[in-house]
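Below is one structure; the comments refer to it alone.
Letters go in sequence order (proteins before strands), and every chain restarts at 1.
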Number of protein chains: 2
Amino acid sequence: MVQDTNDVKAKILGAAKKLFARNGFEGTTVRQICEEAGVALALVSYHFGGKEKVFYALFESSIPNYATAIYTLQDPEADFSHFIHEFVRLRQTEPELINLLQQEIIMQSPRMEKLQAYVYTLWKQLRNILEAGRAKGCFQFTSLKQTLHFIIGALIFTRNVPALDDLFETTVMEENSESVDEIAACTVHFLLNGLK
Amino acid sequence: MVQDTNDVKAKILGAAKKLFARNGFEGTTVRQICEEAGVALALVSYHFGGKEKVFYALFESSIPNYATAIYTLQDPEADFSHFIHEFVRLRQTEPELINLLQQEIIMQSPRMEKLQAYVYTLWKQLRNILEAGRAKGCFQFTSLKQTLHFIIGALIFTRNVPALDDLFETTVMEENSESVDEIAACTVHFLLNGLK
DNA sequence: GTCTATACTTGGATAGAC
DNA sequence: GTCTATCCAAGTATAGAC
């Protein structure tokens, strides 16, 4: 596989990531992707075998590398903090991908079937941490299901939401350009308190 | 306007709500809507003037009636609790609508422009409550922006997510069939702790 | 007001030249 | 490997009968 091939494939993936995140899978056309990527229409089919294959290729490259951390569950609070930090980092690194994933989850799209495996291991870790914490007495909550929904919802909800920007128009510049670690620390603090 | 007209319009709205929530605006066809509603293809255009008008009609009926509560901000904790209860009730009453709204928000769809007004008043209330609580010292948080994102994310994230159901397969039946008030109380508890 | 049939547009995928 | 031109399926909206 020569260099040019990788260039084109990467350009298509980049364009698709941007457009899928913004307009959804159905709302994005192959023509848009190719125009954004600056390549001919036929190349999506040639390199990937169709629009849907491009979609899956987006996740195959990024997500599996993420959920590799092993949690001992000896110190659930530390594990929780680590998990949140990792997720916030992923969300900052790949906002479009998280955005897209969120769409597919709430739509219960037919594509979720193949994405399920990635997502499951991710949230299974979180569930294990929560249960270990409850057993050890450092977390208190009545409904595991509700608690998981709170946390996942708070984590996955995209930060780049113009519809919310209006809410900050009159605010003093108190919190612009926060670093990943600051955001993660803030998130851990909020969620950990919720578990008391 | 005779009764039959309302019946057909209601059937179309019901079908559209269900399908939009599940497949998104772009992922839903007028043919699907009409088939689901059991009416002829032409009637969407006849009664509403097109697919997009059906979409807006869905929100015009439900959302404005919601955001009418007035908050005095004398007791931010009580206001917060009331706000959460109202939202949880809305989410339980109109899960498809919240689902759809969430999609449109995170996609930053072109339709959000017309929905913005509804959404803005809703979250402006929440923002006011948070700021009042911070001023009075009953809420502590560093970033208003992050905090709003946590709460909105936790609230708006759909509860009916098959992709998450697998996470509960081995759980004992600890928390099935929770009532609206139970869920709301649980939510208030979690989020209020996060604000300490 | 509701139906069937159809016009018109757009989308995904491919054929074939280079 | 990449392009242009084209095919075919599916979409929205409308015309016209009832």
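Donor-acceptor pairing under 3.5 Å is recorded for the side chains of A:Asp166 and B:Gln116. Inspection of the B:Thr158 and B:Gln102 side chains reveals an N or O donor paired with an N or O acceptor under 3.5 Å.
When ring centroids are compared, B:Tyr118 and B:Phe59 stay outside the 6.0 Å threshold.
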*Per-nucleotide protein contact string for nucleotides 13-18 of chain C, where B marks a base within reach and S marks sugar-phosphate only (heavy atoms under 4.0 Å, - for neither)*: BBB---
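Counted within 6.0 Å of CD on A:Glu35, heavy atoms from surrounding residues, nucleotides or ligands total 12 or fewer; the atom is thus considered open.
When side chains are defined from C-beta on, A:Asn99 does not count as touching A:Arg22, because their heavy atoms never get closer than 4.5 Å. Between A:Ser143 and B:Glu178 the shortest side-chain heavy-atom distance falls below 4.5 Å.
Distance A:Glu35 CD to D:dC3 C1': 16 Å, rounded to the nearest Å. Remark: P of C:dT10 and CD of A:Gln32 are 13 Å apart, rounded to the nearest angstrom. The CD1 atom of A:Ile33 sits 18 Å away from the C1' atom of D:dT2 (whole-angstrom rounding). C:dT2 atom C1' lies 15 Å from atom CZ of B:Phe48, rounded to whole Å.
For the pair B:Glu52 and B:Arg111, the salt-bridge criterion is not met [side-chain N within less than 4.0 Å of a carboxylate O]. A salt bridge links B:Arg89 with B:Glu86: the distance from a Lys NZ or Arg NE/NH1/NH2 to an Asp or Glu carboxylate oxygen falls below 4.0 Å.
The stretch residues 14-26 of chain B does not touch DNA chain C, since none of its heavy atoms comes less than 4.0 Å from the strand.
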